[in-house]
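Taking it in order: structure first as structure tokens, then the write-up.
It should be emphasised that the depicted structure is a prediction, and the values quoted were computed from it without experimental measurement. Read the numbers this way: they start at 1 and go in the same order the structure lists the ligands and their atoms. All residue numbers refer to positions in the sequence shown, counting from 1.
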Amino acid sequence: MAQYLFAPPAIQSLPIQGKTEQFPINRIFCVGRNYHAHAVEMGKPVDKSVERPFYFTKSPQSLVLSGSTVPYPPETRNYHFEMEMVVAIGKAGFRVKAEDAHTVIYGYAAGLDMTRRDLQLVARDKGRPWDLGKDIEQGSVCSAIVPMEGQILDSGAIALEVNGDTRQSSDVNKLIWNVREIIADLSLFYHLQPGDLVYTGTPEGVGPVVAGDRITGRVAGVTDVALTIGAGE
Ligand code: MN
């Protein structure tokens with residue numbers, strides 16, 4: 001056993017629906033601009049015939065469990081929700097063919113890719129990294145993992161409300177790059193590992209929250225997610 005100078009950081013994990021074991025988290029990958037209407041609202045339409053998907057990462061330490069109350073984060077005045085279907089990887093995979101993508105899937109979850117939109121857009125437009133806009137403490141919200149081993153989710157309503165008012169409403173069948181295509185493409189760059197999460201992108205309707213707001217959302221056939229925004233620190 002290695003002797004550490006101080007207690008090592010805890011392994012991040014999520015509950016698994018119907019099981020006592022936790023799902024340990026390795027990495028968090030996020031797909032950018034993966035619904036046409038959202039790409040358009042961000043001013044960056046996608047032409048799939050000439051583009052490939054792109055990704056950013058959020059650290060596992062940014063995870064927070066659905067149902068939490070989190071402080072409004074520092075250094076932003078435009079904190080946005082992004083409702084997303086999350087794929088939980090359960091098997092290692094490198095250069096996975098699209099037709100084999102189901103073999104690495106352990107399950108699915110409902111997630112929020114919370115975003116400092118003001119900082120993300122400054123970074124985007126100045127050609128800087130997105131970390132300050134995206135890799136936010138308690139900014140990767142996720143439900144329990146729903147075991148759906150070997151299943152590909154190709155359709156299902158995805159929706160989000162703030163204080164009960166619908167703000168996002170779409171269908172997973174509108175993903176520009178679907179689950180098979182994402183796993184095939186992402187695994188060209190990374191050796192996917194059990195415990196990797198893939199946030200698959202948000203539909204249109206993203207918007208700001210303020211302290212006191214209650215976010216609720218769901219992916220049909222998977223589960224719900226919720227977050228309450230508290231006062232800033
Ligand atoms: Mn996102």
Side-chain angles (χ1 to χ4, degrees), residues 14 25 27-46 48 51-64 66 70 73 76 78-89 108-125 128-143 153 156-162 167-179 181-183 185-186 189-190 196-209 215-219 222 224-227 229:
L14 290 167
I25 303 304
R27 292 171 291 193
I28 303 175
F29 298 105
C30 301
V31 186
R33 296 178 208 137
N34 203 17
Y35 289 80
H36 282 298
H38 173 63
V40 167
E41 79 181 346
M42 298 306 293
K44 300 282 184 184
V46 172
K48 190 179 179 181
E51 292 180 52
R52 286 176 69 176
F54 73 94
Y55 311 94
F56 54 92
T57 57
K58 300 179 83 153
S59 51
Q61 289 75 15
S62 69
L63 261 185
V64 65
S66 172
V70 304
T76 181
N78 198 18
Y79 196 41
H80 273 209
F81 52 81
E82 293 192 358
M83 178 68 213
E84 310 205 2
M85 181 173 80
V86 180
V87 179
I89 302 295
Y108 292 83
L112 300 170
D113 169 21
M114 299 301 293
T115 302
R116 288 181 178 112
R117 189 70 68 202
D118 41 2
L119 301 194
Q120 183 219 357
L121 293 183
V122 166
R124 186 190 76 179
D125 295 341
R128 293 174 178 168
W130 287 15
D131 300 53
L132 297 178
K134 287 290 193 179
D135 191 16
I136 300 160
E137 292 173 347
Q138 304 187 87
S140 304
V141 187
C142 201
S143 70
L153 264 183
I158 180 168
L160 176 144
E161 303 87 35
V162 178
R167 305 289 295 276
Q168 294 189 276
S169 181
S170 186
D171 195 290
V172 169
N173 67 13
K174 293 184 177 169
L175 282 169
I176 298 173
W177 287 277
N178 64 29
V179 171
E181 292 168 323
I182 291 166
I183 287 173
D185 187 76
L186 184 60
F189 299 91
Y190 295 94
D196 287 340
L197 298 179
V198 184
Y199 282 62
T200 54
T202 192
E204 71 277 17
V206 300
V209 289
I215 304 170
T216 51
R218 77 206 51 77
V219 180
V222 182
D224 303 341
V225 65
L227 183 72
I229 306 297

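- Below the 2.8 Å limit, the Mn ion (ligand 1) has as protein N, O or S neighbours E82 OE1, E84 OE2, D113 OD2.
- In this structure, a donor-acceptor pair under 3.5 Å is absent between the side chains of S66 and S143.
- Side-chain atoms of T202 and E84 include no donor-acceptor pair closer than 3.5 Å.
- Between K174 and P203, the closest side-chain pair of non-hydrogen atoms is not below 4.5 Å.
- Inspection of the S62 and E137 side chains reveals no N or O donor paired with an N or O acceptor under 3.5 Å.
- When each of F189, W130, W177 is checked for a ring-ring contact (aromatic ring centres under 6.0 Å, His included) with F54, only W130 meets the rule.
- Taking the six-membered ring for Trp and the full ring otherwise, Y190 and Y55 have centroids separated by 6.0 Å or more.
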